[in-house]
Enquirer: 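Have a look at this one before I ask anything.
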Amino acid sequence: MALNIVIGTQWGDEGKGRVVDLLAAEADYVARYNGGDNAGHTVTVGDKTFKLHLIPSGVIHPHTTGVIGNGVVINPRVLLKEIETTRAAGVEITPERLRISHAAHIITPAHLALDAAREQARGEGKIGTTLRGIGPAYNHKTARGGLRMEAMLDLEEFAEGFKAHVEMVNEQLTLLYRAEPLDAQAITEQYLGYAHELTPYIGNTSIRLNQALRQGANVLAEGAQGTLLDLDHGTYPYVTSSTPTASGALVGLGLGASHVGRVIGVTKAFQTRVGEGPFPTEVFGETAERLRGTGDKPWDEFGTTTGRPRRVGWLDSVLLRYAAQINGITELTITKLDVLSGLENLYICTAYRKDRQTYSDLPLGPTDLDYEPEYEELPGWEEDIMGLRKWEDLPQTAQAYLRRIEAIAGVPIRLVSVGPERDQVIEVE
Ligand code: GDP
Ligand code: IMO
Ligand code: MG
């Protein structure tokens, strides 16, 4: 019994929610450890589709307890709305089933206003954030001036601290960014209401999880975003402000490293990215339209949180090998293999080239991706594979594509997903 960690190996949207839902069948606790409602995790169960931003994807299984850890930043308005819609879809969300860390930080409307003002001020150099206030909330956390969920446990003190926070940000908004100030009094009253509603969910989740692990429970940690969006190890500065990589699960849940069992890297069979920043294997035109889809299928590449069309490209195995190292990945789950059906040829980037020199690893990590990708061409397959459930039924060319990924990443593939439904999965021996 251990802590198993699910992380994205790319720029997010690898299908982590879908994989967490699958693995949660054997978990007692499912815990989000980083990010906030910039995440959009889609889970399809029968005729129901859940689009989760803050609630851990595993709570759809009634036997699990959900945890939102100290590493997460929480917009109370979004969380309450999500609790309501998830309940309306038939999932029981109670303060017993969903525990929120007292040490998680709060995202306020002032953080959203700052996110927008900063993006505008960056002009051409904008990051393309989700405008959910993520960066400013983590800024206040590291500057030791943030508001934590525990502040809600004393409503009078909460109101005082909240109002002072909005007034402080108002000064920045008006003086620095020439933006409109927020109505501190009105927002404080609104958030006091949210605090009242959320109080029963708040507690020390680190103690709870540590206790559970000692008693033999299975804890599944659900990463948001992906390795290449990691604040330290991603394509800085085009990253998010948290630690999506596996070590973030320890800090973000308050758990020791000795608990870690499996580190499951979720990798999309091709590459996508939302927002700005380098993307060496990006493709355009017809191939891009083919990989992205038109938006008529639920899994087509349009952002769950913002609806933005995702940038698409070929699988980058230089970056995958890097992700395997940074996270200590023990196994891979490949998602969306079905999307590649019907393409005559597939391409995997196996190395980078610059000034007539070839690099199979990144000299400076992914901050500097100013290289030409070198591709290996592999034959595709014609047939629809969404109905397949056995490795041996997969076309030879699909098997060869997967085996090549495995060899380059240096990590075994344990699962292959061929559709969004729970049963659309193939176990690899
Ligand atoms: P996450 O942010 O990593 O959880 O990923 P998203 O939920 O943002 O994006 C993944 C999308 O692909 C969702 O719409 C999933 O339902 C869908 N999906 C996941 N796995 C598969 C798969 O193997 N095949 C297909 N066609 N869709 C998938
Ligand atoms: P899930 O969990 C894809 C991207 C944004 C932007 C950058 C910084 O669904 O995989 P932020 O709002 O975090 O300050 O934006 O990070 N980004 C994501 N891209 N999937 C996500 O989450 C993302 N969360 C943030 O598009 O480029
Ligand atoms: Mg997503």
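Atoms within a ligand are numbered from 1 in the order they appear, just like the ligands themselves.
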Enquirer: Does only the side chain of V43 get under 4.0 Å from ligand 1, or the backbone, or both, or neither? Count heavy atoms.
Expert: neither
Enquirer: Is the contact between D115 and ligand 2 made by the side chain, the backbone, both, or neither, using heavy atoms and a 4.0 Å cut-off?
Expert: neither
Enquirer: Please state whether R310 comes within less than 4.0 angstrom of ligand 1, counting heavy atoms only.
Expert: yes
Enquirer: Tell me the contacting part of R273 for ligand 2: side chain, backbone, both, or neither, using a 4.0 Å heavy-atom threshold, strictly below.
Expert: neither
Enquirer: Examine the side chains of T108 and H165 and answer whether a donor and an acceptor come within less than 3.5 Å of each other.
Expert: yes
Enquirer: Under 4.0 Å, heavy atoms only, figure out whether ligand 2 is touched by the backbone of Y238, its side chain, both or neither.
Expert: neither
Enquirer: Assign the ring pair Y194 / Y191 to parallel, tilted or perpendicular, where the plane angle (0 to 90°) is split at 30° and 60°.
Expert: perpendicular
Enquirer: Out of all atoms in ligand 1, which are within 4.0 Å of some heavy atom of S417? Include the element for each.
Expert: 20 (N), 21 (C), 22 (C), 23 (O)
Enquirer: For the Mg ion (ligand 3), what is the number of protein N, O or S atoms at a distance under 2.8 Å?
Expert: 2
Enquirer: For N218 and E26, which I'm curious about, is there any donor-acceptor pair between the side chains at under 3.5 Å?
Expert: no
Enquirer: Just checking, is any N or O donor in the side chain of S341 or W381 under 3.5 Å from an acceptor N or O on the other one?
Expert: yes
Enquirer: Give every residue pair that meets the side-chain hydrogen bond (donor to acceptor under 3.5 Å, both in side chains) criterion with at least one member in residues 62-71, sequence neighbours excluded.
Expert: T64-R97
Enquirer: Of the choices G8, G12, P420, which has the non-hydrogen atom that lies closest to atom 18 (N) of ligand 1?
Expert: P420
Enquirer: Going by atom types alone, do R18 and T42 pair a side-chain donor with an acceptor below 3.5 Å?
Expert: no
Enquirer: Record the part of H41 in heavy-atom contact with ligand 2 below 4.0 Å; permitted values are side chain, backbone, both and neither.
Expert: side chain
Enquirer: Applying the side chain to side chain contact (heavy atoms under 4.5 Å, CB included) test to L315, which of Q271, K268, R404 qualifies?
Expert: Q271
Enquirer: Determine, considering heavy atoms only, which of I334, L337, D338 sits nearest to atom 25 (C) of ligand 1.
Expert: D338
Enquirer: Where does the angle between the aromatic ring planes of Y352 and Y371 fall among parallel (under 30°), tilted (30 to 60°) and perpendicular (over 60°)?
Expert: parallel
Enquirer: Counting both backbone and side chain atoms, is some N or O of G40 under 3.5 Å from an N or O of ligand 2?
Expert: yes
Enquirer: Can you list the residues that meet the side chain to side chain donor-acceptor pair (under 3.5 Å) rule with T130, with sequence neighbours excluded?
Expert: none
Enquirer: Going by heavy atoms in the side chains, are I348 and W314 under 4.5 Å from each other?
Expert: no
Enquirer: Which one of G15, G303, G226, P298 has a non-hydrogen atom at the shortest distance from atom 14 (O) of ligand 1?
Expert: P298
Enquirer: May I ask you to identify, for L229, whether its side chain, its backbone, both or neither come under 4.0 Å of ligand 2 on a heavy-atom basis?
Expert: side chain
Enquirer: Is the shortest side-chain N to carboxylate O distance from E331 to R262 below 4.0 Å?
Expert: yes
Enquirer: Counting only nitrogen or oxygen atoms and a 3.5 angstrom limit, does E14 reach ligand 2?
Expert: no
Enquirer: Checking the N or O distance criterion of under 3.5 Å, is ligand 1 in contact with T42?
Expert: yes
Enquirer: Does the residue S241 have a heavy-atom contact with ligand 2, meaning some pair of atoms that are separated by less than 4.0 Å?
Expert: no
Enquirer: Heavy-atom distance to atom 1 (P) of ligand 1: which of R18, K297, K16 wins?
Expert: K16
Enquirer: Could you tell me whether the side chains of H111 and H140 share a donor-acceptor contact shorter than 3.5 Å?
Expert: yes
Enquirer: Return yes if a side-chain donor-acceptor contact under 3.5 Å exists between Y29 and R208, otherwise no.
Expert: yes
Enquirer: Can you pull the salt bridge (Lys or Arg N to Asp or Glu O under 4.0 Å) pairs that have at least one residue in residues 388-397, sequence neighbours excluded?
Expert: R389-D423
Enquirer: With a cut-off of 4.0 Å, which atoms of ligand 1 are near a heavy atom of H41?
Expert: 1 (P), 2 (O), 4 (O), 7 (O)
